[in-house]
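Contents: one structure, followed by commentary.
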Amino acid sequence: MASQYYQEMQESFKNNNKSREFPAHTAKVHSVAWSCDGRRLASGSFDKTASVFVLEKDRLVKENNYRGHGDSVDQLCWHPTNPDLFVTASGDKTIRIWDVRTTKCIATVNTKGENINICWSPDGQTIAVGNKDDVVTFIDAKTHRSRAEEQFKFEVNEISWNNDNDMFFLTNGNGCINILSYPELKPIQSINAHPSNCICIKFDPTGKYFATGSADALVSLWDVEELVCVRCFSRLDWPVRTLSFSHDGKMLASASEDHFIDIAEVETGEKLWEVQCDSPTFTVAWHPKRPLLAYACDDKEGKYDNNREAGTVKLFGLPNDS
């Protein structure tokens, strides 16, 4: 028997399953993220810039393009409670903090390597950045100085604090989830989560679960308290690159090189919807208040010129008649 939530969301998506694309960059988009209030969407691209859009009713209106990085912007995230600040991680060995009110870079922090992963602690005080040499640097968000630096002996993929801010999680190349105490950074546990490379990790907004995506094409859902796997989602055929929980924690979007984004009901694992794509998806992000999903794919410009990347940001969940 399908849950009431399932039926409600099915009905909702039947009337709101339109996707719309918005030009954002001159090359592929690696990362999209919403500000905490849901008013803005930021995107980071291979073209070395970040773009910020304002969400107006059913469309994204480009507000600004942020230049300064000397290499690809691989990941970005917003301050957890301040909707005006976001931070970008780049291959140019820096991270940059930007303020949308002044549209300026308020800090450039030099790091030791080419940065690929970044996250902001739930209390807003610390930014963690991971580089290609498997070093994670913890940066004080106010003074912009490094607080700690950890070199790991394994391939570090995505990094995240838990919602309580007292544990730090890393997914690694051996299929494990490593958990450290925070701020002490002492190893608490290593969970063998997947038989192959564990790629991405996300915590649900309610703090009940976290999910990991792996090269084995599985998404596993974990109970935060018990640290046990509750269920697996197995509808994708390719390595899972990106995950996002909806604002109520009841839906989980996952994407890969498959030409669709899977939207699952968290409590049952059932498929709620799939968003059709023409190419692999790099990044997905649910809006913090509404069932709107931002995403970006490896799209090419036009049908004939296959070399130019489109650099668009997409929005799913818009009314069919919009």
Side-chain angles (χ1 to χ4, degrees), residues 31 33 35-36 74-90 93-99 106-174 176-193 198-212 222-228 243 245 249:
S31 179
S35 58
C36 60
D74 278 8
Q75 206 175 32
L76 51 76
C77 61
W78 292 83
H79 187 291
T81 53
N82 180 340
D84 298 320
L85 299 180
F86 70 98
V87 62
T88 48
S90 168
K93 299 188 178 181
T94 69
I95 69 164
R96 284 173 177 254
I97 303 173
W98 310 85
D99 189 327
I106 55 173
T108 302
V109 184
N110 293 305
T111 57
K112 286 192 173 161
E114 297 176 38
N115 299 313
I116 45 177
N117 285 308
I118 195 157
C119 61
W120 211 309
S121 63
D123 64 8
Q125 291 179 19
T126 313
I127 296 164
V129 57
N131 70 24
K132 284 183 180 170
D133 306 318
D134 309 312
V135 174
V136 177
T137 307
F138 294 86
I139 293 157
D140 185 311
K142 286 201 180 63
T143 64
H144 313 133
R145 289 197 175 87
S146 168
R147 280 189 178 160
E149 201 171 71
E150 291 282 314
Q151 168 77 62
F152 293 94
K153 292 185 173 70
F154 46 75
E155 177 190 312
V156 173
N157 290 320
E158 236 173 34
I159 51 180
S160 179
W161 273 269
N162 64 338
N163 298 19
D164 291 338
N165 217 106
D166 61 1
M167 290 196 280
F168 191 77
F169 287 64
L170 310 98
T171 58
N172 80 28
N174 312 325
C176 293
I177 304 163
N178 293 83
I179 308 171
L180 309 175
S181 62
Y182 188 81
E184 306 80 19
L185 301 177
K186 296 275 177 285
I188 296 179
Q189 201 168 346
S190 174
I191 304 172
N192 287 330
C198 192
I199 299 169
C200 45
I201 183 165
K202 275 289 181 302
F203 282 77
D204 97 71
T206 69
K208 188 176 175 185
Y209 299 119
F210 65 90
T212 57
W222 299 81
D223 180 299
V224 170
E225 290 295 305
E226 308 286 324
L227 295 177
V228 293
L243 297 166
F245 281 97

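Keep in mind that the numbers below use all heavy atoms, side chains included, and drop hydrogens, waters and symmetry copies.
- From Thr212, atom OG1 reaches atom CG of Leu243 across 7.5 Å, with rounding to the nearest 0.5 Å.
- Side-chain contact between Ile106 and Leu85: present, with at least one pair of heavy atoms (C-beta onward) separated by less than 4.5 Å.
- The two residues Ala193 and Trp222 come nearest to each other via the heavy atoms CB-CZ2, 3.5 Å.
- With a 4.5 Å cut-off on side-chain heavy atoms, Cys77 and Val87 count as touching.
- Under the ring-ring contact (aromatic ring centres under 6.0 Å, His included) criterion, Phe203 pairs with Phe169, Phe210, not counting sequence neighbours.
- Ring geometry for Tyr182 versus Phe138: interplanar angle of 30 to 60°, hence tilted.
- Here the OG1-CD1 distance, from Thr137 to Ile118, works out to 10.0 Å after rounding to the nearest 0.5 Å.
- Going from atom SG of Cys198 over to atom CG of Asn172 covers 7.0 Å, rounded to the nearest 0.5 Å.
- For Cys36, the side chain to side chain contact (heavy atoms under 4.5 Å, CB included) partners at least two apart in sequence or on another chain are Pro83.
- In this structure the side chain of Val135 reaches within 4.5 angstrom of the side chain of Glu149, judged on heavy atoms.
- Scanning both residues, Trp120 and His79, for their nearest heavy atoms gives CZ2-CD2, 3.4 Å.
- The salt bridge (Lys or Arg N to Asp or Glu O under 4.0 Å) analysis of residues 181-192, with sequence neighbours excluded, yields no pairs.
- In this view, Phe245 satisfies the ring-ring contact (aromatic ring centres under 6.0 Å, His included) rule with no residue, not counting sequence neighbours.
- Ile159 and Ala128 get closest at one heavy-atom pair: CD1-O, 3.7 Å.
- To the nearest 0.5 Å, the span separating CE on Met167 from CG on Leu180 amounts to 10.5 Å.
- Relative ring orientation between Trp98 and Phe86 is described as parallel, the plane-to-plane angle staying below 30° on a 0-90° scale split at 30° and 60°.
- Here SG of Cys176 is found 11.0 Å from CG of Leu170. Values are rounded to the nearest 0.5 Å.
- Asn115 is not listed as a side-chain neighbour of Ser90, based on a closest heavy-atom distance of 4.5 Å or more.
- Between the side chain of Asp204 and the backbone N or O of Tyr209 there is at least one donor-acceptor pair closer than 3.5 Å.
- At least one donor-acceptor pair closer than 3.5 Å links the side chain of Thr171 to the backbone N or O of Ile199.
- Counted within 6.0 Å of CD on Gln151, heavy atoms from surrounding residues, nucleotides or ligands total more than 12; the atom is thus considered enclosed.
- In this structure, Asp164 CG and Asn162 CG are separated by 5.0 Å, a value rounded to the nearest 0.5 Å.
- Contact detail for Asn82 and Asp84: the closest heavy-atom pair is OD1-N, 2.8 Å.
- Side-chain contact between Ile97 and Ile127 is present, with at least one heavy-atom pair separated by less than 4.5 Å.
- Using a 4.5 Å heavy-atom threshold, the side chains of Thr111 and Ile139 count as touching.
- The shortest non-hydrogen separation linking Ser190 to Asn178 is OG-ND2, 3.6 Å.
- Residues in residues 133-144 take part in these salt bridge (Lys or Arg N to Asp or Glu O under 4.0 Å) pairs, two or more places apart or across chains: Asp140-Arg147.
- Applying the side-chain hydrogen bond (donor to acceptor under 3.5 Å, both in side chains) criterion to Asn131, with sequence neighbours excluded, gives no partner residue.
- Taking both residues in full, the closest heavy atoms of Pro205 and Asn163 are given as O-ND2, 3.5 Å, listed atom of the first, atom of the second, then distance.
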